[in-house]
Amino acid sequence: MLEYFKTILSKVSFDKRLFEKELRKAIKALVPDEVYQLKEWCYRKFSKQYEPILAACFT
């Protein structure tokens, strides 16, 4: 599931609202270890573009 959500987030990264919606959905669906991995990946890939969204979703 983690790879699935990474693919989805990459595809919707053009739209701020869609990105946040899918990120929240991913966090709810994944187990804690996968959420941690997703967090690391998101910050590496999207921190410049979506820092406030990432901070809000991962707190």
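Side-chain atoms are counted along with the backbone in the values below, which use heavy atoms only and exclude waters and symmetry mates.
Between Lys16 and Glu20 there is no salt bridge, since no side-chain nitrogen of the basic residue lies less than 4.0 Å from a carboxylate oxygen of the acidic one.
To the nearest 0.5 Å, the span separating CZ on Phe14 from CZ on Phe19 amounts to 12.0 Å. Between atom NZ of residue Lys45 and atom CG of residue Leu38 there is a gap of 12.0 Å, rounded to the nearest 0.5 Å. Rounding to the nearest 0.5 Å places CG of Leu23 at 11.5 Å from CG of Leu18. Between the NZ atom in Lys25 and the NZ atom in Lys21 there is a gap of 5.0 Å [rounded to 0.5 Å]. Atoms NZ and CD, on Lys6 and Glu34 in that order, are 10.0 Å from each other to the nearest 0.5 Å. Here the OH-CG distance, from Tyr50 to Leu9, works out to 10.0 Å after rounding to the nearest 0.5 Å.
Of the possible donor and acceptor atoms, one in the side chain of Ser13 sits under 3.5 Å from a partner among the backbone N and O of Ser10.
Nearest heavy atom pair, residue Ile27 against residue Cys57, reads CD1-O, 3.6 Å.
With Trp41 as reference, Phe46 is the one residue of Tyr36, Phe5, Phe46 to meet the ring pair (Phe, Tyr, Trp, His ring centres under 6.0 Å) rule.
Heavy-atom contacts from other residues, nucleotides or ligands closer than 6.0 Å to CZ of Phe58 number more than 12.
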